[in-house]
Amino acid sequence: MAKFINRMDGFTLQDLTANDGVVFEIGEYKENDEVEEEFSYSPHISLTNEEALNLLNMDDFENEENNETGDNSCSVFGVSFDELKTKMTNVLEDGKITKLIKQKGVGDVIPFDAQVTVKYLGHFEYNDEPFDSSFTRGGAETFRLNQGALLPGLEIAIRTMRKHEIAMFIVHPDLAYGRFGCAPRIPPNMHILFIVHLVDFVDNGSVETLDNLSREEKRKFENAVKRARANFNTAKDCFKRQRIKQAIREYARAIHWLEEAELQNDKDEAEFNKLISRGYSNLAICYNLQNMPRRACDACNRVTVPSAKTYFTHGRALFKMGEYKSAMEQLQMSLAFEPNNEDTVKEIRLVNEMQRKYMEVEKKLWSNCLKTKQKVMTETEFAKIAREMCETFAQDSQVLRLPLPESLTQEEDSCIREQAAALGLMVTTHQRYGREITYLNKPNY
């Protein structure tokens with residue numbers, strides 16, 4: 001079986017040369033696919049290496065003697081490391097790491113074992129291209145400090161930073177790739193210039209201590225909340241980087257910690273309802289992005305304090321399932337919370353439009369099923385209409401399931417199934433609302 005890989009997670013040569021092949025998962029985001037409030041999603045724009053360097057304003061290193069052309073621009077690879085160090089301060093007493101802040105950060109210096117999200121470039125002296133760059137891989141990358149994921153010198157450097165800080169570091173070979181380097185890409189005894197932008201960080205230090213607590217201590221609400229918030233923050237980061245499956249796992253873990261907690265008073269209950277509602281609402285958004293509307297509906301139903309976003313997400317999930325009437329009810333409730341929300345208005349219009357489109361096709365099928373006041377269609381005519389309905393559904397990117405008319409004869413049911421199979425669709429039967437309902441489904445439903 002082919003291996004499924006999210007393009008944002010990266011891949012290896014071994015993946016590409018595997019006998020069974022590889023399938024890249026590519027997700028798309030829409031304007032209103034946003035998690036709520038503190039876990040909101042903002043799309044980022046990846047920069048080229050040159051654009052990243054321009055942000056650093058290297059003009060303060062300009063050497064007038066070398067600027068005969070009058071060009072005021074200056075790049076990092078045009079300045080010697082010795083010259084750079086004259087503007088820098090030592091991070092370590094032995095001078096093996098030096099630092100220059102190009103943009104001041106905010107708040108306190110990050111904890112030693114934080115989870116950091118950074119953008120960075122790695123340069124050798126006088127080389128015009130970086131040997132390593134997060135920008136070529138989409139921009140920001142996330143690492144957990146104190147876990148051996150980074151070069152020792154780079155990790156020590158990042159530990160000196162504050163949120164939103166941009167800084168330059170020159171790292172000695174002893175704290176980088178050593179005297180032997182890493183052939184063929186890294187030569188021996190190479191000093192490295194790292195340019196780092198600390199985008200964000202999460203303090204996960206308190207989380208590990210929870211692992212050593214007894215079961216009773218872990219169920220205390222204050223401890224469960226710490227663990228849940230850490231999972232929420234990790235889920236937020238995964239969502240930003242389009243790793244939706246990972247975000248789903250993190251939201252589920254956060255919800256598990258909250259639901260296992262023992263509430264002691266009204267204050268705990270109010271905080272629980274707030275967090276659990278946000279968790280399930282965000283989980284539902286992720287499920288919709290993964291085309292899992294049934295799970296999205298289940299998550300929305302578990303929200304204790306629903307918001308406009310909850311009703312909107314629930315309505316979108318029901319719309320994907322072909323439950324137009326129920327979807328409209330949820331969207332109308334969302335609109336009642338936020339009467340001027342343009343996204344909700346657009347979604348209501350879309351549901352109305354799609355419902356009318358399918359009703360026209362269904363009416364033709366119903367007319368044959370009822371066999372009253374109209375001439376019964378021939379098998380060829382019915383097959384043509386069934387084909388039209390299946391093609392319309394197959395080409396529709398919004399809906400994953402469509403209910404079929406009731407009272408179909410065995411021959412008509414077989415005809416629809418035949419047309420559906422030819423287009424890679426499936427027909428399933430479910431017991432709903434006390435009766436048997438047949439649906440046309442897409443394979444990914």
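The pair R229-E271 meets the salt-bridge criterion, with a side-chain N (NZ, NE, NH1 or NH2) lying under 4.0 Å from an Asp/Glu carboxylate O. Electrostatic pairing of E391 and R387 counts as a salt bridge here, judged by a charged N lying under 4.0 Å from a carboxylate O. With respect to E388 and K384, no salt bridge is recorded, no charged nitrogen being found less than 4.0 Å from a carboxylate O. Here R162 does not pair with D108 in a salt bridge; the nearest charged N to carboxylate O distance is not below 4.0 Å.
The side-chain heavy atoms of V116 and T142, taken from C-beta on, include no pair separated by under 4.5 Å. Looking only at side-chain heavy atoms (C-beta outward), V171 and L151 stay at 4.5 Å or farther from each other. No side-chain heavy atom of F169 sits under 4.5 Å from any side-chain heavy atom of L154. Counting only heavy atoms from C-beta outward, the side chains of R294 and Y287 never approach each other to under 4.5 Å. Side-chain atoms of F131 and I192, non-hydrogen and from C-beta on, do get closer than 4.5 Å to each other. Counting only heavy atoms from C-beta outward, the side chains of I110 and L145 approach each other to under 4.5 Å. For the pair C300 and Y311, the minimum side-chain heavy-atom distance is 4.5 Å or more. Side-chain atoms of M161 and V109, non-hydrogen and from C-beta on, never get closer than 4.5 Å to each other.
In this structure K99 satisfies the side-chain hydrogen bond (donor to acceptor under 3.5 Å, both in side chains) test together with T160, E165, sequence neighbours excluded. Contacts of A317 classified as side-chain contact (heavy atoms from CB on, under 4.5 Å), with partners at least two apart in sequence or in another chain: N288, P293, A296, C297. For the side-chain contact (heavy atoms from CB on, under 4.5 Å) test, residues two or more places apart in sequence or in another chain that qualify with A261 are F221, A224. Annotation: side-chain contact (heavy atoms from CB on, under 4.5 Å) contacts of H197 (sequence neighbours excluded): K119, I166, V199. With sequence neighbours left out, Q332 forms a side-chain hydrogen bond (donor to acceptor under 3.5 Å, both in side chains) with no residue at all. For N352, the side-chain hydrogen bond (donor to acceptor under 3.5 Å, both in side chains) criterion is met by no residue, not counting sequence neighbours.
A side-chain donor from one of S307 and T310 sits under 3.5 Å from a side-chain acceptor of the other. For the residue pair D200 / T117, no side-chain donor-acceptor distance below 3.5 Å is found, with atom types taken as modelled.
Formation of a donor-acceptor pair under 3.5 Å by the Q330 side chain with backbone atoms of F312 is not found in this model. At distances below 3.5 Å, not a single donor-acceptor pair connects side-chain atoms of R227 with backbone N or O atoms of A254. Formation of a donor-acceptor pair under 3.5 Å by the R219 side chain with backbone atoms of E260 is found in this model. One N or O on the side chain of S334 and one on the backbone of A308 form a donor-acceptor pair closer than 3.5 Å.
Residue E418 places its CD atom among 12 or fewer non-hydrogen atoms of other residues, nucleotides or ligands, all under 6.0 Å distant. Atom CD of E262 has more than 12 heavy atoms from other residues, nucleotides or ligands within 6.0 Å.
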Task: Derivation of the salt bridge (Lys or Arg N to Asp or Glu O under 4.0 Å) call for E323 and R401 - done: CA-CA 8 Å; E323 303 287 346; R401 189 178 74 168; 2.8 Å; yes
Task: CA sep, side-chain torsions, deciding dist, call: L425, F393, side chain to side chain contact (heavy atoms under 4.5 Å, CB included) - done: CA-CA 9 Å; L425 304 173; F393 176 68; 3.8 Å; yes
Open item on the list: Working note: L400 + N441, criterion side chain to side chain contact (heavy atoms under 4.5 Å, CB included); need CA distance, chi angles, decisive distance, verdict.
Closed with: CA-CA 6 Å; L400 299 176; N441 302 308; over 6 Å; no
Open item on the list: Evaluate L289 against F239 for side chain to side chain contact (heavy atoms under 4.5 Å, CB included), listing each step before the verdict.
Closed with: CA-CA 11 Å; L289 288 171; F239 188 92; 3.6 Å; yes
TODO: Could you go through the side chain to side chain donor-acceptor pair (under 3.5 Å) check for N301 and Y280 one step at a time?
DONE: CA-CA 9 Å; N301 286 329; Y280 273 122; over 6 Å; no
Task: Audit row: T89, L100, side chain to side chain contact (heavy atoms under 4.5 Å, CB included) steps and yes/no - done: CA-CA 7 Å; T89 58; L100 174 70; over 6 Å; no
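Here the straight-line distance linking atom NZ of K309 with atom CZ of R278 works out to 13.5 Å at 0.5 Å rounding. To the nearest 0.5 Å, atom CZ of residue R249 and atom OG1 of residue T234 are 12.0 Å apart. To the nearest 0.5 angstrom, I276 atom CD1 is 4.5 Å from L258 atom CG. Residue Q290 holds its CD atom at 6.5 Å from CD1 of I244, rounded to the nearest 0.5 Å. Taken to the nearest 0.5 Å, the NZ atom of K104 stands 7.5 Å off from the CD1 atom of I101. Here the straight-line distance linking atom CG of L193 with atom CD1 of I195 works out to 5.0 Å at 0.5 Å rounding.
Taking all atoms of both residues into account, the shortest heavy-atom contact from L275 to F232 is O-CZ, 3.7 Å. Of all non-hydrogen atoms in A386 and C415, the two that sit nearest each other are CB-SG, 4.4 Å. The two atoms that bring P443 and M426 nearest to each other are CA-CE, 3.8 Å, heavy atoms only. The two residues V427 and R417 make their nearest non-hydrogen contact at O-NH1, 3.4 Å. The shortest heavy-atom contact between G148 and E155 is N-OE1, 4.5 Å. Between F112 and N146 the shortest heavy-atom distance is CE1-ND2, 3.2 Å.
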